[in-house]
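Presented below is the structure to which this report refers.
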Amino acid sequence: MNQEQRDTLSKQLSRYLPIGFIDMVVDLMVKNPVRFQITNPRSTKLGDYRPPAPSKKLHRISVNGNLNPYHFLVTTLHEFAHLHTFVAFGNSVKPHGEEWKHAFRTLLWPAIQTGLLPKDIENALMISLSNTKASSCSDIQLFRVLKKYDTKEATIKTIEEIPKNTTFVLQGRTFIKGELRRTRYLCTCCHTKRQYLIHALATIDS
């Protein structure tokens with residue numbers, strides 16, 4: 001990648017990443033053969049990693065384009081940790097096992113060391129480093145801190161934010177929010193009347 005291509009990539013990413021972290025992500029893209037895609041919002045995931053298809057060279061990473069810059073950064077590092085884990089171990093380890101956790105911590109630490117993150121995010125990430133969860137959604141406290149930086153236009157609404165008995169859509173199905181059971185709400189599917197325990201931080205379609 002020449003300097004002109006790098007500059008173009010940096011300009012494109014500047015819409016999504018916090019100031020001071022663009023070069024960090026561009027470096028990851030330059031050092032790794034990856035097809036990086038910014039996608040429309042997905043209710044079931046914030047980002048995704050796929051290893052190269054047979055006879056192909058490029059790894060594939062996608063990140064939801066509606067994330068606020070700090071959430072976009074953390075999700076991007078999460079997915080690159082998957083890439084690094086696959087390169088080192090292939091499919092011989094668990095997707096979010098100790099090998100992935102080590103790769104994620106290795107990528108997070110330089111971001112923390114920049115001193116450019118808001119103090120509350122820095123503190124949440126430091127706590128997360130000592131007990132790395134599978135994602136920022138799994139780490140409830142980290143998710144809540146990151147979500148504070150959503151704009152009105154980019155707000156991702158979660159089940160815990162809507163009132164009890166509210167109707168919402170998740171993965172194409174309509175539910176009614178019920179009682180909280182620890183970290184999940186007991187919700188009723190409007191079509192089948194079956195009840196499901198749905199995580200409080202699951203993002204809803206509407």
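Evaluation of the ring-ring contact (aromatic ring centres under 6.0 Å, His included) test over residues 18-37, restricted to residues two or more places apart or in two chains, returns none. Each salt bridge (charged side-chain N to carboxylate O under 4.0 Å, His left out) pair with one or both residues in residues 45-72, not counting sequence neighbours, appears once here: Lys45-Asp48, Asp48-Arg50. Annotation: ring-ring contact (aromatic ring centres under 6.0 Å, His included) contacts involving residues 41-70, sequence neighbours excluded, comprise Tyr49-His59, Tyr70-Tyr149. Residue pairs satisfying the salt bridge (charged side-chain N to carboxylate O under 4.0 Å, His left out) criterion with at least one member in residues 171-190, sequence neighbours excluded, are listed as follows: Lys164-Glu179. For residues 11-23, no residue pair satisfies the salt bridge (charged side-chain N to carboxylate O under 4.0 Å, His left out) rule, not counting sequence neighbours.
For Glu99, the salt bridge (charged side-chain N to carboxylate O under 4.0 Å, His left out) test picks out no residue, with sequence neighbours left out. Residues forming a side chain to side chain donor-acceptor pair (under 3.5 Å) with Glu160 (at least two apart in sequence, or on another chain): Arg144. Residues satisfying the side chain to side chain donor-acceptor pair (under 3.5 Å) test with Lys148, not counting sequence neighbours, are Asp120. Every residue was checked against the salt bridge (charged side-chain N to carboxylate O under 4.0 Å, His left out) condition with Asp7, not counting sequence neighbours, and none meets it. When the ring-ring contact (aromatic ring centres under 6.0 Å, His included) test is applied to Tyr16, the partners found at least two apart in sequence or on another chain are Phe72.
Alongside Val93, the hydrophobic cluster contains Phe89 (criterion: ILVMFWY side chains under 4.5 Å). Clustering of Ile, Leu, Val, Met, Phe, Trp and Tyr side chains at separations under 4.5 Å places Leu197 together with Leu186.
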